[in-house]
Asker: 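Dropping the structure in here first, questions after.
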Amino acid sequence: MVSRLVVVAEEAEDLRGSALAVAREMFSDGRVSWGRVVALAVFCALLLKRLKEAAGGGDRERRAGRDAEARASVAHEVAAFLVASRSSRRAWFVRQGGWDGFVREYARETPGSTLINTLVAIAGFGAMAGLAALGVRKILGGFR
């Protein structure tokens with residue numbers, strides 16, 4: 001989807017319009033969640049990355065200026081859309097505590113998450129030890 005948008009959208013105005021169209025569609029049902037907000041941010045980042053990759057030729061300085069303009073334009077418009085005054089999105093952000101709320105929600109350590117992280121680490125070390133033993137066995141088998 002991103003590559004199709006970039007092919008058609010060569011100017012910052014086109015990119016901004018494309019990003020806003022996607023944003024409007026994502027939030028058209030009025031529901032807001034961190035998953036949707038992050039998905040929109042990732043989409044915009046991929047859109048701008050693809051634009052940079054697609055703009056291969058031309059004057060490097062002019063291209064750099066155009067890319068910076070596109071990034072700022074898309075970021076500004078999408079952020080304005082997310083927190084537009086009197087919108088349910090803005091009210092949701094305020095209730096969540098803004099981006100600090102995101103950090104509080106997803107950076108929190110719980111006893112359960114600590115246990116799961118420990119078990120995953122142990123399993124990872126076990127898998128590495130098994131692969132190392134298999135590699136040593138294969139190497140030693142090659143010397144016989």
Asker: Answer yes or no: is there a side-chain heavy-atom contact under 4.5 Å between W34 and Q96?
Answerer: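 A side-chain contact exists here, since the closest heavy-atom pair is under 4.5 Å.
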
Asker: Using the test side-chain hydrogen bond (donor to acceptor under 3.5 Å, both in side chains), find all partners of R36 that sit at least two apart in sequence or belong to another chain.
Answerer: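 side-chain hydrogen bond (donor to acceptor under 3.5 Å, both in side chains) check on R36 returns D29.
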
Asker: OG/S88 to CZ/F93 distance, rounded to the nearest 0.5 angstrom?
Answerer: 11.0 Å

Asker: Begin with the C-alpha distance, continue with both residues' side-chain angles, and end with the deciding distance and a verdict on side-chain contact (heavy atoms from CB on, under 4.5 Å) for V37 and F102.
Answerer: CA-CA 10 Å; V37 171; F102 176 81; over 6 Å; no

Asker: Quick one: list whatever passes ring-ring contact (aromatic ring centres under 6.0 Å, His included) with F81, sequence neighbours left out.
Answerer: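 If we apply the ring-ring contact (aromatic ring centres under 6.0 Å, His included) test to F81, skipping adjacent residues, there are no hits.
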
Asker: With sequence neighbours left out, what residues match F27 under ring-ring contact (aromatic ring centres under 6.0 Å, His included)?
Answerer: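 F27: no ring-ring contact (aromatic ring centres under 6.0 Å, His included) contacts found.
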
Asker: Of all the heavy-atom pairs spanning A84 and S87, show the shortest one and how long it is.
Answerer: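 In terms of heavy atoms, the two residues are closest at O-OG, 2.7 Å.
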
Asker: Tell me every residue that passes salt bridge (charged side-chain N to carboxylate O under 4.0 Å, His left out) with R90, counting only those two or more places apart in sequence or in another chain.
Answerer: none

Asker: Residues in side chain to side chain contact (heavy atoms under 4.5 Å, CB included) with A91, at least two apart?
Answerer: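 Listed in chain order: R95.
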
Asker: Name all residues meeting the side chain to side chain contact (heavy atoms under 4.5 Å, CB included) criterion together with V42; count only those two or more places apart in sequence or in a different chain, and write none if there are none.
Answerer: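 Checked V42 against side chain to side chain contact (heavy atoms under 4.5 Å, CB included); matches are V38, L46.
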
Asker: With salt bridge (charged side-chain N to carboxylate O under 4.0 Å, His left out) as the rule and sequence neighbours excluded, what pairs involving residues 116-131 come up?
Answerer: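 Pairs touching residues 116-131 that pass the test: none.
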
Asker: Of all the heavy-atom pairs spanning C44 and A19, show the shortest one and how long it is.
Answerer: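 Closest heavy-atom pair between C44 and A19: SG-CB, 4.0 Å.
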
Asker: Is any side-chain heavy atom of V32 closer than 4.5 Å to a side-chain heavy atom of L82?
Answerer: no

Asker: Determine, using the 4.5 Å side-chain heavy-atom cutoff (strictly less than), whether L20 and V83 are members of one ILVMFWY cluster.
Answerer: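 Hydrophobic grouping puts L20 with V83.
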
